[in-house]
2 protein chains.
Amino acid sequence: MQFSKSTGYALHALVYLAGANPGTNLGIRELAEFLGVSESYLSKVMSKLRQGGLVRSAPGVSGGYELAHPAGNITFRAVIEIVEGRQPLYECARFEEHRHSLFRKQGARGHAARECLVQSVMNGAEQELQAYLRAHTIQWVLDNARLSKHANTRG
Amino acid sequence: MQFSKSTGYALHALVYLAGANPGTNLGIRELAEFLGVSESYLSKVMSKLRQGGLVRSAPGVSGGYELAHPAGNITFRAVIEIVEGRQPLYECARFEEHRHSLFRKQGARGHAARECLVQSVMNGAEQELQAYLRAHTIQWVLDNARLSKHANTRG
DNA sequence: ATATTGTGGATATAATTGATCCGCGATCGG
DNA sequence: CCGATCGCGGATCAATTATATCCACAATAT
Ligand code: SF4
Ligand code: SF4
């Protein structure tokens, strides 16, 4: 139960892109060198990000990548969902085709029928996780970092 | 990024054990049949739970498993940690040996030196996840389930 | 046109997970 | 004590996923 390395690559690449001058395209070469990963592999990750709408790409001379949105609009959650895919933290394996009774008590009213309790806990946990990830953006990292290129004028 | 099936097996097995009469040992056969999984594989999972101190086991005739603690003391978090192992949701791959500056601003005081911001977000998210999982126990599932064996006297 | 640069399919390799087998030892009833 | 029962754990294997690379192709600027 761990995020893949691809997710790490994606996050770092986006932070790097966000730290670059807007309007400039960064090539896969520079990104890959900075991250210490092969261009071949990183290009796969970047393609995912492009398909997910987080970055734009341009082929040809002086082509490369740039953020498709302000860094403040790119949440960790979005990045992870694009790279890892949209899969729940836990999926019911339908043990013995539900010949059990681990469902929430049905109150007097019949609504909320047959909500599984194991799923309920796992989904609740996942909600907490995602809420936190949605609350943090690429920009947040830049804001809190001591970036040398932005120069700390206060010395 | 998904919990393994083993975790699902473990959770369901514990719920089943918790629902059984205290003092009785449930054999691997009954558990495996209920969960619809092979005895061989489930026994591995149960061994982990035993090593983790969540269940007790007894060999020999009329042997089997029983909870080592009240179901109210067994949190989802504990189960998952035992089965999945204690590994962080995200580990730094030390891209290019940290030749970047994505660390938290060092305030006037020098404390909290060099805290990585990417890690910070991921760890924060993990804390949220675990807090939720710690807040829910096996007993919680039983309390909220409509268990037929406990008979709803008001029915 | 041509060098450049991202795209995406195919492929290869490594790592992890899921699953099974079997000999061992502990336990208990007789 | 004896032997049937039952959990333990090492070895092994298959399936799946993650990681990584290669190459033909298309798009772009000059
Ligand atoms: S308790 Fe929930 S997760 Fe488990 S088998 Fe039933 S429906 Fe599926
Ligand atoms: S930003 Fe954090 S996670 Fe990324 S390489 Fe630096 S220390 Fe590691």
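Order of the sequence lines fixes the chain letters, A, B, ..., with proteins taken first and strands second; residue numbering starts at 1 for each chain.
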Grab the [atom1]-[atom2] distance between [X] and [N] for me, whole Å please.
X	N	atom1	atom2	value
Y9(A)	dA18(D)	OH	P	14 Å
E39(A)	dT21(D)	CD	P	11 Å
E30(A)	dG6(C)	CD	C1'	16 Å
E91(A)	dT17(D)	CD	P	11 Å
K5(A)	dA15(C)	NZ	P	9 Å
L26(B)	dG7(D)	CG	C1'	14 Å
N25(B)	dT5(D)	CG	P	17 Å
M46(B)	dA19(C)	CE	P	17 Å

Choose from dC22(D), dT27(C), dT7(C) the nucleotide whose nearest atom is closest to any side-chain atom of P59(B).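 Within the option list, the nearest is dT27(C).
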Picking from dA20(D), dT7(C), dG25(C), which would you name as closest to the side chain of Y65(A)?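 So the nucleotide nearest the side chain must be dT7(C).
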If you find the nucleotide of DNA chain D closest to R50(B) and the one closest to Q87(A), which residue's nucleotide is nearer the 5' end?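 By nearest-heavy-atom nucleotide position, the 5'-most residue is R50(B).
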Relative to the 5' end of DNA chain D, which residue comes earlier, Y41(A) or G60(A), by the nucleotide with the nearest heavy atom?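 On the 5' side of the pair lies Y41(A).
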Fit a plane to each ring of Y9(B) and Y41(B), take the angle between them on a 0 to 90° scale, and name the class: parallel (under 30°), tilted (30 to 60°) or perpendicular (over 60°).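 Geometry flag for Y41(B) against Y9(B): perpendicular rings.
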Y16(B) versus E30(B), side-chain donor and acceptor atoms under 3.5 Å: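 The criterion, which ignores hydrogens and geometry beyond distance, is satisfied for Y16(B) and E30(B).
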Could you tell me whether the phosphate oxygens of [N], OP1 or OP2, come under 4.0 Å of any side-chain nitrogen or oxygen in [X]?
X	N	result
S4(B)	dT16(C)	no
S57(B)	dC6(D)	no
S38(A)	dT21(D)	yes
S6(B)	dG18(C)	yes

With distance as the sole test, does E126(A) use its side chain to make a donor-acceptor pair with the main-chain N or O of L89(A) at under 3.5 Å?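 Indeed, once roles are kept as given, a pair shorter than 3.5 Å links the two residues.
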R134(A) atom CZ, over 12 foreign heavy atoms within 6.0 Å: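 More than 12 within 6.0 Å, yes.
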By nearest heavy atom, map V61(B) and L42(B) onto DNA chain C; which one lands nearer the 5' end?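 Per heavy-atom nearest nucleotide, the more 5' residue is L42(B).
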Just call it for [X]: base, sugar-phosphate, or nothing, with non-hydrogen atoms closer than 4.0 Å on any strand.
X	answer
S40(B)	base
Q51(B)	sugar-phosphate
S43(B)	nothing

Heavy-atom distance under 4.5 Å between the side chains of N73(B) and T137(B), does that happen here?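 When only atoms from C-beta onward are counted, T137(B) and N73(B) do not touch, as no gap falls below 4.5 Å.
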